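Counting convention: from 1, in listed order, for ligands and their atoms alike. These figures come from a predicted structure and were not determined experimentally. Scope of the values below: all heavy atoms of this structure, side chains included, with no hydrogens, waters or symmetry mates.
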Amino acid sequence: MSGNAVFIAGAGTEIGKTYVTAALTRRLRGDGHDVRTLKPVASGVPPIGDPDFRTSDTAILLEAQGLVVTPENVAACSPWRFSAPLAPDLAAAREGRTLALADLVAWCRAEMGATPPGSTLLVEGVGGLMSPVTADHTGLDWLKALSVPALLVTGSYLGAISHALTAAETLRLHDVPLLGLAVCESPDAPTPIETVAAAIRRHVAVPVHEIVRGGACPAGLARLVGA
Ligand SMILES: Nc1ncnc2c1ncn2[C@@H]1O[C@H](COP(=O)(O)OP(=O)(O)OP(=O)(O)O)[C@@H](O)[C@H]1O
Ligand SMILES: C[C@H](N)[C@H](N)CCCCCC(=O)O
Ligand SMILES: [Mg+2]
């Protein structure tokens, strides 16, 4: 038997998946849980030696785990890294590379199998729920192939309610268990985050947590995800 794996899916891109995943990681570690956090496919990632690497999802997630940036740690967290800030299939093509869903799923399954009972494995997706990951498959295909529950991250920008509910409904139609939603406060949102979260709550049957700008992971969100 292996540990508890959770896929951090997004209602879109650049809405706070990494922020929430890092906050969750820190919170779980602070609460004494054993947690490992992965970003298997990352696009828009500069080379490790580039000063901007420190703002990459991989660097942020390593730091949240108390790990330093070394080539080994980076490869172990994010084996598929592409430099163009595009959907991974397009970013890979820019480098003359391809990514096969079967390889990605096999790698993730091995990580899940290596997660001890009582430990938590967090896997951040890439882009939005149905952003292409490979030439033929989306993030939803990847998530379904892993058979793990999802935590859905959304923003509070105008339009976020529909994006969140569309993603949640897609997960429901595809029988992907949804643990809950995290609404991450967007910059310059026209309504308070509470208003957005309340609107989403009226339409979903799972917990909806709020993370304000600069905020830490709420205890309830950590309880939802922790082993
Ligand atoms: N609650 C927050 N407080 C402060 N900054 C935030 C918050 N949520 C997100 N951000 C910032 O917004 C930007 C986008 O967030 P983040 O990188 O987490 O998005 P993402 O959904 O992971 O994007 P991607 O699709 O590239 O993986 C980052 O600079 C991040 O630090
Ligand atoms: C570069 C960006 N921050 C992400 N890494 C990739 C987002 C891909 C989105 C593709 C799409 O859904 O249109
Ligand atoms: Mg991210």
| Ion pair check, Arg201 and Glu210, cut-off under 4.0 Å | yes
Going by an N to O cut-off under 4.0 Å, is there a salt bridge joining Glu111 and Arg36?
yes
Just need the protein heavy atom nearest to [atom], so name the residue and atom and give the distance.
atom                    : answer
atom 9 (C) of ligand 2  : Ser131 OG, 3.5 Å
atom 2 (C) of ligand 2  : Thr13 OG1, 3.6 Å
atom 24 (P) of ligand 1 : Lys17 NZ, 3.4 Å
atom 17 (O) of ligand 1 : Thr18 CB, 4.0 Å
atom 19 (O) of ligand 1 : Gly16 N, 3.0 Å
atom 11 (C) of ligand 1 : Arg213 NH2, 4.2 Å
atom 18 (O) of ligand 1 : Tyr19 N, 2.9 Å
atom 23 (O) of ligand 1 : Glu14 N, 3.0 Å
atom 5 (N) of ligand 2  : Ser43 OG, 2.9 Å

Using a 4.0 Å cut-off to any heavy atom of [X], which atoms of ligand 2 qualify?
X     : answer
Leu86 : 1 (C), 6 (C)
Pro85 : 1 (C)
Ala87 : 8 (C), 10 (C)
Glu14 : 3 (N)

Honestly, for Lys39 the part within reach of ligand 1 (heavy atoms, under 4.0 Å) is side chain
Looking at Asp57, Thr21, Val41, the heavy atom closest to atom 27 (O) of ligand 1 belongs to Asp57
Where the side chain of [X] meets the backbone of [Y], is there a donor-acceptor pair that is under 3.5 Å apart?
X      : Y      : result
Arg27  : Cys217 : yes
Thr25  : Thr21  : yes
Arg81  : Ala42  : no
Ser78  : Trp80  : no
Thr70  : Asn73  : yes
Lys17  : Gly127 : yes
Ser162 : Gly159 : no
Tyr157 : Ile15  : no
Thr18  : Asp57  : no
Asp50  : Asp52  : yes

Protein heavy-atom contact under 4.0 Å for [atom]?
atom                    : result
atom 30 (C) of ligand 1 : no
atom 13 (O) of ligand 2 : no
atom 7 (C) of ligand 1  : yes
atom 21 (O) of ligand 1 : yes
atom 2 (C) of ligand 1  : yes

What atoms of ligand 1 come within less than 4.0 Å of a heavy atom belonging to [X]?
X      : value
Gly127 : 25 (O)
Thr13  : 24 (P), 25 (O), 26 (O)
Glu124 : 22 (O), 27 (O)

Below the 3.5 angstrom mark, is there an N/O of [X], backbone or side chain, next to an N/O of ligand 1?
X      : result
Ile15  : yes
Glu185 : no
Val126 : no
Gly214 : yes

Would Glu124 and Thr37 count as a side chain to side chain donor-acceptor pair (under 3.5 Å) here? Give the steps.
CA-CA 8 Å; Glu124 184 189 334; Thr37 303; over 6 Å; no
Here the pair of heavy atoms bringing Val196 nearest to Ile161 is CG1-CG1, 3.8 Å
Any side-chain heavy-atom pair from Leu122 and Phe7 closer than 4.5 angstrom?
-> no
Row for the Mg ion (ligand 3): angle OG1 (Thr18) to OE2 (Glu124), 10° precision, value 90°
Handout entry: Residue-ligand contact Gly10/ligand 1, heavy atom below 4.0 Å
Key = no
Notebook entry, point to check: Is the shortest distance from a heavy atom of Val212 to ligand 1 less than 4.0 Å?
Noted result: yes
Is Gly128 near ligand 2, meaning one of its heavy atoms is under 4.0 Å from it? no
Output for pair (Trp142 CH2, Leu104 CG), nearest 0.5 Å, gives 5.0 Å
Rounded to the nearest 0.5 angstrom, the OG1-CE distance for Thr138 and Met130 is 4.5 Å
Exercise. Given the rule in the side chain to side chain donor-acceptor pair (under 3.5 Å) test, do Thr120 and Asn4 qualify, once you have shown the distances and angles that lead to the verdict?
Worked result: CA-CA 5 Å; Thr120 297; Asn4 163 50; 3.2 Å; yes
Per residue Asp57, nearest N, O or S atom to the Mg ion (ligand 3) is named OD2
